[in-house]
Student: 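What follows is a single structure, and I will ask about it in a moment.
These figures come from a predicted structure and were not determined experimentally.
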Amino acid sequence: MNELPPTPLRVAGVPEHFNLPWRQRAWLRATQPWRYAPIDYREAAEGTGAMTRALANNEVDVAVLLTEGAALDIARGGPYRVIKVYVNTPLEWGIHVAANGPLLDVAAIRGHRYAISRRGSGSHVMAAVHAASQDWPTTELNFVQVDTLEGARRALPGGDADVFFWEKTMTHPYVEAGEFRRVGNFHSPWPSFVVCATNRCIAERREELVQLMKEINTLCAQLQNNTDAATLISNAYGISVQAADTWLDQTSWNTDLSLPLPTFQVVVDELSSIWPELAECRAESLCHPL
């Protein structure tokens, strides 16, 4: 009797430059099936909020999530855990408004409507974290769901929303083209991305997860040391080589399987100042070491 082929691990990530190693891993399976186990890698333009729901609904097994979005959802009962820090460096968020609008600086955005991809996504959570850092009342924030970056490109010029937080390298072409005005930047005070897996996947497919994470670590290290990385990213994601090169200089992928609990506790403590129901959450409850 022929042995059934393994069921691919279903992996989700945003269609952004951070995730080029995942695209490369999917390509390696397609070109070297005798060497690499199958994965079903899919991209979610709607961001972390959409992927947390996909994990909860058993639509994916693994997802590359923004750290703050993962922490918030797991603390609220999300049936998955952080298994790996993916990108060590903080995310640099651009704070965007309509280029032809009246908002000219960060102080002016207070009280205006925030475009977000989904509740629980980084565009939502980091807008709240930023407001808290400015001592603005977070209970008064007004959010408008626009689903994707493309949705924000329609909403801000169309007057349906006023402010949009998004990773600044991906929005750079639209700032240059005069669609958005970037009135400021905001760094997340923790590693930007983590890899999460459902509790069921961790229990039933741990060895496959460990092997896949080791392969991703290798691909991240190779990309980080590749002198042509900026060109690869430019071709894959439609950003300029110069912008990609600048971003690479500021970015460090994580290439081990350690889980720094003190760092995750900082995330929980920061979020609990905005969402008090998280006050009893501990970092250990977010993570599952492989």
Student: Do the side chains of L209 and L9 get nearer than 4.5 Å, heavy atoms only?
Tutor: yes
Student: Using a 6.0 Å cut-off, check whether atom CD of E59 has over 12 heavy atoms from anything other than its own residue.
Tutor: yes
Student: Distance check, rounded to the nearest 0.5 Å: D256 atom CG versus C220 atom SG?
Tutor: 11.5 Å
Student: What are the two closest heavy atoms between H112 and A108, and how far apart are they?
Tutor: CD2-O, 3.1 Å
Student: Evaluate the side-chain proximity of H17 to E167: yes if any heavy-atom separation is below 4.5 Å, no if none is.
Tutor: yes
Student: A side-chain contact here means heavy atoms from C-beta on lying under 4.5 Å apart; do V14 and V64 qualify?
Tutor: no
Student: Would you check, one step at a time, whether the test ring pair (Phe, Tyr, Trp, His ring centres under 6.0 Å) holds for F18 with W247?
Tutor: CA-CA 10 Å; F18 294 94; W247 173 78; 4.9 Å; yes
Student: Is it true that a side-chain atom of D73 and a backbone atom of G78 form a donor plus acceptor pair closer than 3.5 Å?
Tutor: no
Student: Atom CZ in R282, atom CG in L261: separation rounded to 0.5 Å?
Tutor: 10.0 Å
Student: Is any side-chain heavy atom of H288 less than 4.5 Å from a side-chain heavy atom of V82?
Tutor: no
Student: Test side-chain contact (heavy atoms from CB on, under 4.5 Å) on V195 and M213 and set out the steps.
Tutor: CA-CA 9 Å; V195 182; M213 293 307 102; 3.9 Å; yes
Student: Have a look at T67 and tell me which of V85, V267, L286 forms a side chain to side chain contact (heavy atoms under 4.5 Å, CB included) with it.
Tutor: V267
Student: When you group the ILVMFWY residues by side-chain heavy-atom contacts below 4.5 Å and let the links chain together, are V106 and L104 in the same group?
Tutor: no
Student: Keeping W253 on the side-chain end and P21 on the backbone end, is there a donor-acceptor pair under 3.5 Å?
Tutor: no
Student: Short question: side chain of K84, backbone of N217 - any donor-acceptor pair under 3.5 Å?
Tutor: no
Student: Sub-3.5 Å donor-acceptor pair from the side chain of S234 to the main-chain atoms of I239, do we have one?
Tutor: yes
Student: Between T198 (side chain only) and L55 (backbone N and O only), is there a donor and an acceptor less than 3.5 Å apart?
Tutor: no
Student: Kindly indicate, with the supporting measurements, whether the criterion salt bridge (charged side-chain N to carboxylate O under 4.0 Å, His left out) is fulfilled by R154 and D160.
Tutor: CA-CA 8 Å; R154 294 188 292 271; D160 297 319; over 6 Å; no
Student: What pair of heavy atoms forms the shortest contact from C196 to L65, and how long is it?
Tutor: SG-CD1, 3.8 Å
Student: Any donor-acceptor pair under 3.5 Å linking the side chain of H130 with the backbone of M126?
Tutor: no
Student: Are V175 and V241 co-members of a hydrophobic cluster defined by side-chain heavy atoms under 4.5 Å apart?
Tutor: no
Student: Show your working on salt bridge (charged side-chain N to carboxylate O under 4.0 Å, His left out) between R113 and D162 and close with a plain yes or no.
Tutor: CA-CA 5 Å; R113 300 163 298 169; D162 307 302; 2.9 Å; yes
Student: L271 and F193: same hydrophobic cluster, using ILVMFWY side-chain contacts below 4.5 Å?
Tutor: yes
Student: How far does CD1 of I74 sit from CG of L278, to the nearest 0.5 angstrom?
Tutor: 11.0 Å
Student: Using modelled atom types and a 3.5 Å cut-off, is there a donor and acceptor pairing between side-chain atoms of S188 and backbone atoms of P90?
Tutor: no
Student: Quick one: does R10's side chain get under 4.5 Å of N58's, heavy atoms only?
Tutor: yes
Student: Please check if the distance between the ring centroids of Y114 and H124 is under 6.0 Å.
Tutor: no
Student: Please answer whether the main-chain N or O of G13 pairs with a side-chain N or O of R42 as donor and acceptor at a distance below 3.5 Å.
Tutor: no
Student: Quick one: closest heavy-atom pair of C281 and V268, and the distance?
Tutor: O-CG1, 3.5 Å
Student: Taking V146 as the starting point, is it possible to reach M51 by hopping between hydrophobic residues whose side chains are less than 4.5 Å apart?
Tutor: no
Student: Could you check, using the six-membered ring where one of them is a Trp, whether W166 and Y174 have ring centers closer than 6.0 angstrom?
Tutor: no
Student: Whether the side chain of Q265 engages the backbone of A283 through a donor-acceptor N/O pair (distance < 3.5 Å, no angle test) should be reported.
Tutor: yes
Student: Looking only at heavy atoms, which two atoms of T48 and G69 are closest? And how far apart?
Tutor: CG2-CA, 3.9 Å
Student: Please test Q145 against R118 for side-chain contact (heavy atoms from CB on, under 4.5 Å), starting from the C-alpha separation and ending with a verdict.
Tutor: CA-CA 6 Å; Q145 182 173 318; R118 289 273 197 285; 3.2 Å; yes
Student: Can you see which heavy atom on L156 is nearest to which on A98, and at what distance?
Tutor: O-CB, 3.6 Å
Student: Could you report the tightest heavy-atom contact between A115 and F164, atom names first, then the distance?
Tutor: O-CD1, 3.4 Å
Student: Identify the residue among E207, E208, E215 that makes a side-chain hydrogen bond (donor to acceptor under 3.5 Å, both in side chains) with Q211.
Tutor: E215
Student: Are more than 12 heavy atoms, taken from residues, nucleotides or ligands other than R76, located less than 6.0 Å from that residue's CZ atom?
Tutor: yes
Student: So, do I116 and S121 sit near enough that their side-chain heavy atoms are less than 4.5 Å apart?
Tutor: no
Student: Would you sort out whether S117 and S123 count as a side chain to side chain donor-acceptor pair (under 3.5 Å), showing the intermediate values?
Tutor: CA-CA 6 Å; S117 55; S123 51; 3.3 Å; yes
Student: Just jot down the side-chain hydrogen bond (donor to acceptor under 3.5 Å, both in side chains) partners of W93, sequence neighbours excluded, or say none.
Tutor: none
Student: Could you grab the distance from atom CG of L103 to atom CZ of R110, nearest 0.5 Å is fine?
Tutor: 14.5 Å
Student: Show your working on salt bridge (charged side-chain N to carboxylate O under 4.0 Å, His left out) between K168 and E92 and close with a plain yes or no.
Tutor: CA-CA 6 Å; K168 76 169 201 174; E92 186 170 11; 3.4 Å; yes
Student: Sub-3.5 Å donor-acceptor pair from the side chain of T138 to the main-chain atoms of I274, do we have one?
Tutor: no
Student: Apply the test side-chain contact (heavy atoms from CB on, under 4.5 Å) to residues R182 and H172: give CA-CA distance (whole Å), side-chain angles for both, the deciding distance (0.1 Å), then the verdict.
Tutor: CA-CA 9 Å; R182 186 183 300 122; H172 181 74; 4.2 Å; yes
Student: If you measure from CD1 on I233 to CG on D228, what distance do you get to the nearest 0.5 Å?
Tutor: 11.0 Å
Student: Using the rule that two of Ile, Leu, Val, Met, Phe, Trp, Tyr join whenever any of their side-chain heavy atoms come within less than 4.5 Å, decide whether V144 and F180 are in one cluster.
Tutor: no
Student: Just checking, is any N or O donor in the side chain of N226 or Q224 under 3.5 Å from an acceptor N or O on the other one?
Tutor: no
Student: Between atom CZ of R205 and atom OG1 of T7, what is the distance when rounded to the nearest 0.5 Å?
Tutor: 5.5 Å
Student: May I ask you to test the V194-F264 pair for a side-chain heavy-atom distance under 4.5 Å?
Tutor: yes
Student: Would you please say whether a donor-acceptor pair under 3.5 Å links the side chains of T171 and H96?
Tutor: yes
Student: Taking CD in E277 as the centre, count heavy atoms belonging to other residues, nucleotides or ligands within less than 6.0 Å. Is the count above 12?
Tutor: yes
Student: Begin with the C-alpha distance, continue with both residues' side-chain angles, and end with the deciding distance and a verdict on side-chain contact (heavy atoms from CB on, under 4.5 Å) for I202 and R81.
Tutor: CA-CA 9 Å; I202 293 169; R81 295 294 180 268; 4.1 Å; yes
Student: Can you confirm whether V11 sits close enough to D61 that some side-chain heavy atom of one is under 4.5 Å from a side-chain heavy atom of the other?
Tutor: no
